[in-house]
Each structure stands twice: as structure tokens, then as C-alpha cells.
2 protein chains.
Amino acid sequence: MKIKDIAKLAGVSPATVSRVMNNNGYVKHDKRQAVEKVIREVGYQPNEIAKSLKNQKSHMIGVIVPKISTETASRVVDGITEVAKQHNYQLIIANTNLQIEEEIKYLKFLSNKLVDGIIMMATEVTAEHKKLAQSLAIPIVMVGQQVEGFTSIVHDDYRAAKLMIDHIIACGHKNIGFIGVDPKDVAVGQVRKQAYIDRLHEAGLSVDLDLIGIGDFSIESGYKQMEALLTRGKPTAVMAVTDHLAIGAIHCLHDHGLSVPNDVSVAGLGDVKLAKYFSPPLTTVHYGFKTSGMVAAEHVFDMIKQNQVDSDKVVIDFEVKIRKSVANLKTMRDLQSL
Amino acid sequence: MKIKDIAKLAGVSPATVSRVMNNNGYVKHDKRQAVEKVIREVGYQPNEIAKSLKNQKSHMIGVIVPKISTETASRVVDGITEVAKQHNYQLIIANTNLQIEEEIKYLKFLSNKLVDGIIMMATEVTAEHKKLAQSLAIPIVMVGQQVEGFTSIVHDDYRAAKLMIDHIIACGHKNIGFIGVDPKDVAVGQVRKQAYIDRLHEAGLSVDLDLIGIGDFSIESGYKQMEALLTRGKPTAVMAVTDHLAIGAIHCLHDHGLSVPNDVSVAGLGDVKLAKYFSPPLTTVHYGFKTSGMVAAEHVFDMIKQNQVDSDKVVIDFEVKIRKSVANLKTMRDLQSL
DNA sequence: TTGTAAGCGTTATCAC
DNA sequence: GTGATAACGCTTACAA
């Protein structure tokens, strides 16, 4: 059923039907009624593809994510959908499974008039990414990593990690371990580690390489790195760069008969939904991922509307969540001396 | 940059360029070379919208989910993406936030030539859903709920829940509580509850209404329902219809100074990623959500290819995960008598 | 082997 | 107010 058919049935021209559908131009009351009646009766729905082609607007934005089945990604996507809905936009999502060529491929593919804008959650951003992205006519915003020349929605990873270490130091810990990830991921792999190192230095504590382990993003990896740390040194506290890593570490500690936090404290970063339900409830930093998504979407829509590209950097709030997985050595000592 | 421009630059007709791009029809070697060279040089990418309009195929499938930031949904979507990729299809996802009118709306919207098929994760399926869905020309498959007249990808919720209760009974429990959800969700709200009731009857145990609580899908709700159960009766074990509910229940028990599983056993259903890292590790049933998604996608593509609609019911495997949150009363007694 | 032109379903311009 | 008609960028008969 196309516009022509409706026109015929209503005894008007296609143009009139179009005018009725889009509420623009003058249409006499009775004709409008007639058209609306037919539309209702046959349940006509316009062909969105044809509209897109004609209007040069698809009313879709592309979202490139490393892995949708990740809490971080799905929370960001959740935020994006929410504001997309307000703008009557649909999301077309591309799951790259962390493969960099896939990201490039989708960036190209999506930009061919298929979408009016792109939101990209990149882990690693290469020069090729940047060059390609810059060559595209449509607005692109980056989430999670700051990328030169693009509007980037980020959390202040440096400050967040530093405040976490702050808290650990304030609890009286001196041998503080670190479990991180590959530095290819700048925000998580580099920035958070740098914060750790800087904060230790500031506190006059030495950075012990034996107390640093680098894994990937899996829980198992947290377990393994913790195990390695245990053979190499004697940390009283460990900060993991991710809640999953922290959970793996805690599990390892338990398996080794160590109590968290009485024997070793563990802190995470990210505040996954279940973090507070663990035992001990995980001390971590809450990142507003959904907010990131919403803000990212708002920026894309601004750029679409104004038909121009900007390159802000917007920093989303975080919140340190002090729970039970980091022990206060001072109060523990006080308790023991009683 | 459109096909016409490429044609001009390469000194051929648009038709030839199209033939080169799609590898069909005869094109002389040198012309092909020339065209390919230009394409490469200008980085030409065809307009996918125009292709869709002409080909009457969008190479996109629509995915309607209640809430993407849910582990269940995102695992299903993960599976869908994986097979979509093999077929060179993109996903356009619609997040309904559990609102039924949204589902209807998207069902209509997506079907207007925008997508070649739809995968729907519905919680509640009304008559209106069915009628509308049936009127659409494109293939639709349902995930998570069996819907008459549609290919439905489901888990055997009845058997899964029954086996879980089985295990609980086998552990010597007699006062078994139940935390469920609204029956509007047939699979989770009705079927799992029925399994609980039936299994108790089969075992000759009476069903005590005071030991049944109905909440929603939130962790907090599990907490509240558990609290209510505690005031009304004295269960030695509780099955929650969802891991989140179970986690809430466990939390409540802990807050009341009760040990899980020594005082009260708790089982969940679903096996969220972190379930095995809880303490105690959660006894639950693993559902292959990613597999559901993959199978759903395969069915959609079959139907798209064969250009016909079928209405299978396919049942995805599950696996009972016996961990530590359900105690064996018999061995406990043996231990005590030593 | 290649080019011309019609057509996919809309919308917008321009006559009337 | 309304209706032809060209155009959006592509593919595919059909002609040459």
C-alpha cells in the first residue's frame, strides 16, 4: 500500500495525501477528512526508506559498541535510547566484539546516509579511526575515551581513581596493589594506572612493581592477577581498575583462605549493579554510564539540528561508593588494642 | 559522491559502476579496473538507503526489547548480532521500557519496509500484539514467551523450575517458599509458579500461601518479599523466580542475621554472570540466552530467505547449576550428630 | 559488453 | 487549495 493507492481511494492526488500525512501545506477540511479516513481504514503506514531517501535524513543514529552484553555498554545504550526516543529517532547498533577493523568497517558503513549521526564507544582509538571519522560528514561523538577533535563524553578517570586510592590510603594502607588492563585502552588502561602511581608518590609511598598486575577485562583475569600478586608481595589492599577484576580478586583471596577486608582490602571501579550486594559489599566508584549515553545523544542531536560539528569535552560525574571491601586499618588496630 | 559521479570520473555509465560494485553482469576487464580505481581513490560508499528502496530489502532486522540494560536482553541481543553479522545484516533496536503501547508502536514502525524481519522479546503478549503482528508481511520471531502462531524461541521454564524445586526437595526441605512475579509475564510469572506448585503436590507437600510472595523484577522487590515471607512463615528454603530476586532475598536474610544456606536456603533462576561469584555462590538454572538470540536470528533469516513464515516452537537448553546457596539438610543433620 | 531510462515511494516545486 | 512532475541514488530491463 503506497501513497498513490491512498490517493486513488480518497479521490485526491498523492501530493495531497503527503500534505495530510505531514501536516503541511493547505488542505481543505473535507479532503483531509477523506484522506484520514482511508488511511485509518487501510492502516496505511508510509515507507520509511522512501522518506529517508527523499528527505536525506534517516532519523536513525548509529551506535558502535565493543560488546553490548556488557553492563557498561548496555547502560550507555539505555541512556542513548532514552533521548533518542524524545527526538523520534531509532538506534542502529553495531557490535564490534572489540575488533578494530569492525569499528572501521561500521564507521564507513553507517555513514552512508544510513544514519544522521554516530555515537561510538571505542576502547582503543587509532589514527585510522580518527582520520576516517574526521572525513565523515555526519556528527560523531565518542563515549568513554577522549579523542582529539571530537566531542567526547568521558568520566574523570584520573580523579576517580585517585580518590579511590585516597580513600585506601586514608584507611591506613601502605602496601597497595594494583590490577589493571592493557594500556591500549587509554581511559581504563593508562589513566587509571597513572592516577594510582601519582597518588602513591604524592603520599610518599613507593610504587612496587611486584604489586602491579595487568590483565584483561574478565573476572578470571582478576583472579589470576591477584594470585600472581600474592606470590610476589604482601599487599594489604588492592585497587582493581574494574569491578569485575575486583570480584575476581576477591574470589581468589577467598580461595586462598584470606578474608576480605580483614586480611586484604579490595576496591573496584565502575559500580556494577550487583556490586553493593556482594559480601563484602564492594567499595568502588559509581560512573554515570546511562548519563554518558544521554549526554552523548543530546550532543549528537544538537549537532544534527545545527548541522555543524563541534568538539567539546564533557565530563560526567562520578561518586565514590565507600562500602565494606576496604578495611580501615586504624580502627582495626584500635579495636584490637581494646 | 554518487554513482553518477563515479561513472563520469571513470568514463563509463552508472550502470557499469553498479555492475562493478555488485559483481554482476559483464564488465570488460579494463573498465572494471578503471571503475575500481576511481572507487578506491574517492573512497566511494554507496547510499544504503537508495539501495534499500530499489531492492526492497533493507538488510536490517528489528529487535524489540523490554530493556536493553538487562542482562537477559543484552545476552539475547549479543546472540542476534553474532548471526546477523554472518548474514551481513544490521540490527535496529527498539527499547520499549516495558511499555506495551511502545511495543505496538515499534512493531508498526519497524515493519514499514524499514526492516526485513523482527525479533521480539515480549514480556506480556496481548491479543492486540498478536493481531498486529500477524498482519505484518515480514517474519517475526518471539523470544522468551511462546506465542501462538509465531515461531517462538523459549526455554523450558516449567521443567527448569521443576528441577530446581526437585533439587531443593532432594536436599530435605519441606517448607519451601516462593518469590515470583506478576502473572502477566507468562513464562516467568505463571509457568515457573505452576511448576513450583505442581512439584510440591507431587512430593506430597502442601502449598502454603503464606510462603508465596509476588514482587516485580527488581532486587529490592526480592528483599521485600523475603521480609514478608519471614513474618508469615518459617521456610527453610526459598526459590526465587529470578536471580535478582534471589539476591535480594539473600540480602534480606543476612540483614536479619540469618545465614544462607545454614538457616535458610535460597535458589534463583537465570544464572546471571555474577551468580557464581556471590557468597554463597548462587544455586540457580543457567539459561542459554545468547543461544536464544542466535537461534531466533537464524529462524528469521531462514524465513527471509525462503520468503515464508513458519511457526515452530524451539526449546533452548538449560542447565541446573548446583552451587552453595541451597543446603542439604540431611548432611547437615549427619554432621551435627557426629 | 555497455548505455539509456524507468522505477522503487516519497516530498517539494511549480503551475493552475 | 490542489495536482502533475521532477528528484532523492540506486538497479535492471531492454536496446544497441
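The chains referred to below are lettered A, B, ... by the order of the sequence lines, with proteins before strands, and numbering in each begins at 1.
Checked by distance alone, A:R32 brings no side-chain donor or acceptor within 3.5 Å of a matching partner on the base of D:dG1. Checked by distance alone, A:K54 brings a side-chain donor or acceptor within 3.5 Å of a matching partner on the base of D:dA7.
Mapping B:G11 and A:A15 onto DNA chain C by nearest heavy atom places B:G11 closer to the 5' end of the strand. Between B:H29 and B:Q56, the residue anchored nearer the 5' end of DNA chain C, judged by the nucleotide with its closest heavy atom, is B:H29. When each of B:L53 and B:R19 is assigned the nucleotide of DNA chain D bearing its nearest heavy atom, the one mapping closer to the 5' terminus is B:L53. Comparing A:A50 and B:M21 by the nucleotide of DNA chain D whose heavy atom lies nearest to each, the residue mapping closer to the 5' end is A:A50.
Between A:I61 and A:F301, the closest side-chain pair of non-hydrogen atoms falls below 4.5 Å.
What separates CG of A:N24 from P of D:dT2 is a distance of 13 Å, to the nearest Å. Across the protein-nucleic acid pair, A:Y26 atom OH and D:dT2 atom C1' stand 13 Å apart, rounded to whole Å. Atom CD of A:Q33 and atom C1' of D:dT2 are 18 Å apart (whole Å). The distance between atom NZ of A:K4 and atom C1' of D:dG3, rounded to the nearest whole Å, is 13 Å. In this structure, the CG atom of A:D5 is 10 Å from the C1' atom of C:dG9, given to the nearest Å. For B:E48 and D:dT11, the CD to P distance is 9 Å, given to the nearest whole Å. The interatomic distance linking A:N47 (CG) with C:dG9 (C1') rounds to 6 Å, in whole Å. When rounded to the nearest whole Å, the span between CD1 of B:I3 and C1' of C:dT4 equals 14 Å.
Nucleic acid contact for A:T16: sugar-phosphate only, since backbone atoms but no base atoms lie under 4.0 Å from a heavy atom of the residue.
Within a 6.0 Å sphere centred on CD of A:E128, heavy atoms belonging to other residues, nucleotides or ligands number 12 at most. Counting non-hydrogen atoms of other residues, nucleotides and ligands closer than 6.0 Å to CG of A:D182 gives a total above 12. Heavy atoms of other residues, nucleotides or ligands lying less than 6.0 angstrom from CD of A:Q33 number more than 12. Sparse packing is recorded around CD of B:E148, with 12 or fewer heavy atoms of other residues, nucleotides or ligands lying under 6.0 Å away.
Between A:K105 and A:E101 there is no salt bridge, since no side-chain N of the basic residue sits under 4.0 Å from a carboxylate O of the acidic one. The pair B:E71-A:K273 does not count as a salt bridge, with every side-chain nitrogen at least 4.0 angstrom from each carboxylate oxygen.
When each of D:dT2, D:dT11, C:dT2 is scored by its nearest atom to the side-chain atoms of B:N22, the top-ranked nucleotide is D:dT11. You'll find that the side chain of A:K31 is closest to D:dG3, out of D:dG3, D:dT11, D:dT12. Distances were taken from every side-chain heavy atom of A:K28 (C-beta onward) to each of D:dT2, D:dG3, C:dA12; the shortest belongs to D:dT2. Listed nucleotides: C:dG3, D:dG3, D:dC10. Nearest to the side chain of B:Y44: D:dC10.
For the atom pair A:L91 CG and A:K85 NZ, the distance stands at 10.5 Å (nearest 0.5 Å).
Taking five base pairs at each end of the helix from C:dT1-D:dA16 to C:dC16-D:dG1 and finding the rotation axis that steps the C1' atoms of four pairs onto the next four gives two axes whose angle is 50°, to the nearest 10°.
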